[in-house]
Amino acid sequence: MPELPEVETLRRDLLIHLPGERVAGVEVLRSDSVGYPADPAVFSAQMTGQVFSDRMLRRGKYLLLYFEQGAAMGVHLRMSGRLLWRRAEAPLEPHTRVRIPMASGHELRFEDMRVFGRLWLIPVGVPPERVMGGLARLGPEPFAEMFDGRYLAGRFAGRNQPVKSALLDQQLVAGVGNIYADEALFSSGIHPALPVGGLDAAALERLHRAVVKVLEAGIAQRGATLRNYTDAQGINGNYAGTAWVYGRKGQPCRVCHSLIERIRLAGRSTHFCPTCQCAQQSVQ
DNA sequence: ACTAGGTCCTGGTTGC
DNA sequence: TGCAACCAGGACCTAG
């Protein structure tokens, strides 16, 4: 379920714990959770002995954790993945898929109920996108300078896709998922079903600014649902609690008090305010 | 080339 | 209470 803000929050937290930690061994409890090398035994063997460095990069929703020796571990949490930092003797979480015990007695755990998430081992000298296919197809980072209204205009020209679907396309911009897409569209006053080709320059500029704004707000609040894995209790992020439209079907809009509606777009639930996000003209 | 839809997997929630 | 249907924040693959 994590989107860019949750993954960025995770990156910053891992930066506190992982650098200098030596991998003492790896236990793959579910082989589907390892993307490369396909053989879990090889994955484990190549991970063992690696020492985490402080080079940790995020691209969209992907995470790259580099080792001192030059190899790296790639991570994608997809819908339900979590990385947990625990003492090795702490009770195992129900859906733990991979255990990575450290020489220090701590342990990095990959927990993932739905088994959509993946870990990859990227060998020294191999470009990460060779191993993690999705990386190569990612669009610009939302905080990159080139991501602006004009970029969107260029990408949207002559296309009919609903704007909500376009935002979920990682090739357009990397890191936006269902929650932040809905929030960004509300913030920019754009109806999620509008075809992208019909949006004028002003609307596209509002959209670009809204995407940046909601993602920055999400990071500032430590993500929507990410639990604080350093805390045995687990602390939920609070963005979802302050959402303007996401998950608020039937509740009054915080701006105009119209009832928030939910429709299905691109196969995903989509929330919007029928008044603030007028299908015809721009609002706000 | 573009777009919609199915699919991977598991568990929580909802409704009868 | 029991059970089935539906729902879930991602991304890949296929087909039209």
Side-chain angles (χ1 to χ4, degrees), chain A residues 1-10 29-36 38 58-63 74-82 93-98 110-120 129 131-139 154-186 192-198 211 214-215 217-219 221-227 236-250 262-272:
Chain A
M1 333 221 242
E3 305 182 34
L4 184 150
E6 290 72 36
V7 179
E8 177 62 20
T9 300
L10 174 62
L29 304 173
R30 177 90 181 220
S31 60
D32 299 332
S33 294
V34 174
Y36 184 88
R58 181 195 53 73
R59 253 301 260 148
K61 302 169 197 170
Y62 290 86
L63 212 48
V75 183
H76 198 306
L77 303 173
R78 292 282 188 106
M79 302 281 268
S80 59
R82 297 164 63 193
E93 289 73 15
H95 308 290
T96 305
R97 308 302 184 192
V98 181
F110 183 55
E111 191 215 17
D112 186 18
M113 184 186 80
R114 292 175 72 179
V115 207
F116 290 165
R118 289 291 180 273
L119 301 182
W120 299 268
E129 59 271 21
V131 172
M132 302 153 73
L135 260 188
R137 292 186 289 273
L138 287 184
R155 293 293 301 256
F156 289 169
R159 298 179 61 178
N160 276 313
Q161 196 180 24
V163 61
K164 165 67 183 286
S165 310
L167 286 178
L168 294 179
D169 181 357
Q170 302 300 296
Q171 298 186 54
L172 176 76
V173 59
V176 178
N178 207 36
I179 293 183
Y180 293 98
D182 282 2
E183 294 297 306
L185 287 168
F186 175 81
L194 280 179
V196 290
V211 166
V214 299
L215 293 176
I219 292 172
Q221 299 182 68
R222 291 184 53 79
T225 57
L226 191 79
R227 286 171 177 79
N236 284 313
N238 56 10
Y239 193 78
T242 61
W244 293 86
V245 289
Y246 182 80
R248 300 195 65 241
K249 178 192 174 185
R262 183 173 76 179
I263 58 174
R264 223 163 166 77
L265 269 180
R268 324 213 73 90
S269 67
T270 298
H271 312 73
F272 67 100

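Just so it is clear, the structure is predicted and the values come from calculations on it, not from any experiment. Below, chain A is the first sequence line, B the second, and so on; all start at residue 1.
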inquiry  = I need the CZ-P distance between A:Arg137 and C:dA11, as an integer number of Å.
reply    = 11 Å
note = The Watson-Crick or G-U wobble partner of C:dG9, with both key distances under 3.5 Å, is none
note = Of C:dA11, B:dA4, C:dC7, the nucleotide closest to the side chain of A:Pro162 is B:dA4
key: Side-chain N or O of A:Gln161 closer than 4.0 Å to phosphate OP1/OP2 of B:dT3   = yes
inquiry  = Tell me the interatomic distance from A:Asp112, atom CG, to C:dG10, atom C1', rounded to whole angstroms.
reply    = 11 Å
task = Tell me what A:Asn160 touches on the nucleic acid: a base, only sugar-phosphate, or nothing, going by heavy atoms under 4.0 Å.
result = sugar-phosphate
ask   = Using the benzene-type ring in the case of Trp, are the ring centres of A:Trp120 and A:Tyr36 under 6.0 Å apart?
value = no
ask   = What interatomic distance, in whole Å, is found between P of B:dG6 and the corresponding atom of C:dC6?
value = 13 Å
message = Heavy-atom count check: over 12 atoms from other residues, nucleotides or ligands less than 6.0 Å from A:Phe156 CZ?
response = yes
query = Looking at A:Arg159, does any N or O in its side chain come under 4.0 Å of the phosphate oxygens OP1/OP2 on B:dT3?
reply = yes
message = What is the separation between atom CZ on A:Arg114 and atom P on B:dT10, rounded to the nearest whole Å?
response = 11 Å
query = Taking the same atom, P, in C:dA11 and in B:dA1, what whole-Å distance lies between them?
reply = 23 Å
ask   = Can any side-chain N or O of A:Arg268 pair as donor or acceptor with the backbone N or O of A:Arg264 at less than 3.5 Å?
value = no
request  = Round to the nearest Å and state the distance from A:Arg78 atom CZ to B:dT10 atom P.
outcome  = 15 Å
query = Counting side-chain heavy atoms from CB outward, which of C:dG9, C:dA11, B:dC2 is closest to A:Ser269?
reply = C:dG9
message = Nearest to the A:Asn178 side chain among C:dG10, C:dA8, C:dC12, which nucleotide is it?
response = C:dG10
query = Would you say the side-chain atoms of A:Gln170 pair up with the backbone N or O of A:Val176, donor to acceptor, closer than 3.5 Å?
reply = yes
message = Under 4.0 Å from OP1 or OP2 of C:dG10: is there any side-chain N or O of A:His76 that close?
response = no
message = Please confirm whether the shortest side-chain N or O distance from A:Arg155 to OP1 or OP2 of B:dC2 is below 4.0 Å.
response = no
task = Classify the side chain of A:Arg268 and the base of C:dG9 as holding, or not holding, a donor-acceptor pair under 3.5 Å.
result = no
task = Could you check how far CE of A:Met113 sits from P of B:dT13, rounded to whole Å?
result = 11 Å
remark   = d(A:His271 NE2, A:Lys164 NZ) to nearest 0.5 Å is 8.0 Å
task = Look at A:His95 and B:dT10 and indicate whether a side-chain polar atom (N or O) is within less than 4.0 Å of OP1 or OP2.
result = no
inquiry  = Between C:dC12 and B:dG11, how far apart are the two P atoms, rounded to whole Å?
reply    = 25 Å
query = Atom CD1 of A:Ile263 to atom P of B:dA4: distance rounded to whole Å?
reply = 12 Å
ask   = Touch check for A:Arg264, heavy atoms < 4.0 angstrom, all strands: base, sugar-phosphate only, or nothing?
value = sugar-phosphate
task = Could you say whether the aromatic ring of A:Tyr246 and the base of C:dG9 stack, counting only centre distances under 5.5 Å and plane angles under 30°?
result = no
key: Candidates C:dC12, C:dG10, B:dT10 - which lies nearest the side chain of A:Tyr62   = C:dC12
request  = Identify whether any heavy atom of A:Gly267 sits under 4.0 Å from a base atom; if not, whether one sits that close to sugar-phosphate; answer base, sugar-phosphate or nothing.
outcome  = nothing
key: Length of the CZ-C1' vector between A:Phe116 and B:dT10, whole Å   = 8 Å
task = For A:Glu129 and A:Tyr62, run side chain to side chain donor-acceptor pair (under 3.5 Å): C-alpha distance rounded to whole Å, both residues' side-chain angles, the deciding distance at 0.1 Å, then the answer.
result = CA-CA 11 Å; A:Glu129 59 271 21; A:Tyr62 290 86; over 6 Å; no
ask   = Can you tell me if the side-chain N/O atoms of A:Arg97 get under 4.0 Å from OP1 or OP2 in B:dC9?
value = no
inquiry  = Strictly by Watson-Crick or wobble contacts shorter than 3.5 Å, is anything paired with C:dG2, and which nucleotide is it?
reply    = B:dC16
query = Which nucleotide sits closest to the side chain of A:Ile179: B:dT10, C:dA11, C:dG9?
reply = C:dG9
ask   = Taking atom P in both B:dC9 and C:dT14, what distance in whole Å separates the two?
value = 16 Å
query = Do A:Thr270 and A:Arg262 have side chains that get closer than 4.5 Å, going by heavy atoms?
reply = no
note = Between CD of A:Glu6 and C1' of C:dA8 the distance, given in whole Å, is 14 Å
